[in-house]
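Please read the structure below before turning to the comments.
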Amino acid sequence: MLFDDPYWLRASDWLARGAAQPDMAIIGVPTSVGSISPSEAWRTPGRLREVIAGFSPYDGETGTDLTLLSVADLGDWPVTDARLDEMVDIVAGRTAELTRGSRYAFVGGDNAITRPVVAGLAGSRLADVGVLTFDAHHDVRVLDTGPRNGTPIRGLIADGLPADQVRQIGIHSFANSAPYRRWCDEQGIGIATMADVEAEGIDHVVSRALGELAAGCEWIHVDFDIDVLDRAFAPGCPGARPGGMTPRQLVAAARLCGRHPKVRSADFVEVDPVADRDDVTVMALAGTLLAFLSGAAQLKESER
């Protein structure tokens, strides 16, 4: 049982307050029907809500009080038992109905949600969108077996997203194939590998990518695939490998993204809480989400 302290607000209680007109809305998308590898990532939104009770909505490293940001947890969309085609239609349809004034954080689930989320928000205007991914993988597999978690970037480009409006950060060695990397290069996707992150620093790499996208796009969606983390920090990510990011690097990246005025939405995906150990990966997800919200709170404060 958690100890109640009136001077120590729990992030779970803050998120549960449910602002009527939120600056940021959180939506669970509990599906893993599109996973290439066996996964129970559909369980993650529920587990995250439990684990985040151990976190505070105060970013002590930046002095940011997240309660400056009005938030609402809008619950989970009914996709857990849906077939792949049904899930895509439900997510795209519900996303298209969202209020255009708010910002959104979508908690998956697997990476198959990214394509319908972006397509739903964009409507017929995918050419206005920039997509920034934090991922070990390019996610440009062929679409022969449907819109799975290895295909969202190729799928969005097929839908009309300009490929040169995609930036990918954290690409690992031995996590992709040579043909898919060639395809990315041919299409004009901007890629920063883990070697680039280490050589240039996460702040520089992320700021450059956001600046490039903002220069040519109306708004930006960020895809936080938690398997960008080193396997040591993400045992609950089937696709995580040694040599990835640290949680501190990903948290720093999330703050920068949340703080950017053109970042309208983000998804947080690819965690399987059943495969996790001691909630290590779910806690990394929670920290990344809260850092994104911290950046959003900083942006709101700067605009006052």
May I ask you to decide whether [X] forms a salt bridge with [Y], counting only side-chain N to carboxylate O separations under 4.0 Å?
X	Y	result
D23	R103	no
R259	E301	no
R49	D73	yes
D110	R148	no
D279	R47	yes
R94	E97	no
E200	R208	yes

Answer with yes or no whether the hydrophobic clustering places [X] together with [Y]; edges join I, L, V, M, F, W, Y residues whose side-chain heavy atoms lie under 4.5 Å apart.
X	Y	value
V131	W219	yes
V142	V88	yes
F224	V51	yes
I191	V222	no
I202	I226	yes

Could you tell me whether the side chain of [X] and the main chain of [Y] form a donor-acceptor pair under 3.5 Å?
X	Y	result
T80	P30	yes
N176	I171	no
Q249	T246	yes
K262	A214	yes
D276	V282	yes

Report task. Compute whether any side-chain donor of one residue and acceptor of the other, for S294 and Q298, lie under 3.5 angstrom apart. Result -> yes
Requested in this report: Classify the side-chain pair S37/S35 by whether it contains a donor and acceptor separated by less than 3.5 Å.
Outcome: no
Query - ring pair (Phe, Tyr, Trp, His ring centres under 6.0 Å) partners for F292, two or more places apart - result: F268
Looking only at heavy atoms, which two atoms of [X] and [Y] are closest? And how far apart?
X	Y	result
C237	V271	SG-CG2, 4.1 Å
V206	C257	CG1-SG, 4.2 Å
H137	Q168	O-NE2, 4.3 Å
D278	M283	O-CE, 3.6 Å
F233	M245	CD1-O, 3.8 Å
A41	P45	O-CD, 4.0 Å

Query raised in the report: Stepwise, does the side chain to side chain contact (heavy atoms under 4.5 Å, CB included) test hold for I189 with D164?
Result: CA-CA 5 Å; I189 294 172; D164 63 358; over 6 Å; no
Query raised in the report: Where do S12 and F55 land on the side chain to side chain contact (heavy atoms under 4.5 Å, CB included) test, with the steps shown first?
Result: CA-CA 8 Å; S12 54; F55 289 73; over 6 Å; no
Report task. Begin from the C-alpha positions of L74 and I26 and carry the test side chain to side chain contact (heavy atoms under 4.5 Å, CB included) through to its verdict. Result -> CA-CA 6 Å; L74 302 185; I26 313 229; over 6 Å; no
Could you grab the distance from atom [atom1] of [X] to atom [atom2] of [Y], nearest 0.5 Å is fine?
X	Y	atom1	atom2	result
T31	R83	OG1	CZ	12.5 Å
I90	I113	CD1	CD1	13.0 Å
Q165	E212	CD	CD	12.0 Å
I169	T193	CD1	OG1	11.0 Å
I36	T145	CD1	OG1	6.5 Å
L229	T288	CG	OG1	6.0 Å

Evaluate the side-chain proximity of [Y] to [X]: yes if any heavy-atom separation is below 4.5 Å, no if none is.
X	Y	result
L250	V228	yes
F106	L121	yes
L293	L15	yes
D225	E270	yes
Y104	T99	yes
R264	H221	no
C217	D128	no
L290	Y58	no

Report task. For the pair R255 and D59, evaluate salt bridge (charged side-chain N to carboxylate O under 4.0 Å, His left out) and give the outcome as yes or no after the intermediate values. Result -> CA-CA 10 Å; R255 280 197 195 97; D59 186 347; 2.7 Å; yes
Query raised in the report: Tell me, which pairs form a salt bridge (Lys or Arg N to Asp or Glu O under 4.0 Å) where one or both residues lie in residues 184-199, sequence neighbours left out?
Result: R181-D185
Requested in this report: Scan for salt bridge (Lys or Arg N to Asp or Glu O under 4.0 Å) pairs involving residues 129-144, sequence neighbours excluded, and state none if there are none.
Outcome: none
Query raised in the report: According to the side chain to side chain donor-acceptor pair (under 3.5 Å) rule, which pairs have a member within residues 112-121, sequence neighbours left out?
Result: N111-T114, T114-D267, R115-D159
Query raised in the report: Sequence neighbours excluded, which residues qualify as side-chain contact (heavy atoms from CB on, under 4.5 Å) partners of S207?
Result: L256
Report task. Only counting residues at least two apart or in another chain, list the ones meeting side-chain contact (heavy atoms from CB on, under 4.5 Å) with P57. Result -> L9, A11, W14, L66, T67
Query raised in the report: What's the verdict on side chain to side chain contact (heavy atoms under 4.5 Å, CB included) for T95 and W77, showing C-alpha distance, side-chain angles and the deciding distance?
Result: CA-CA 10 Å; T95 307; W77 284 346; 3.4 Å; yes
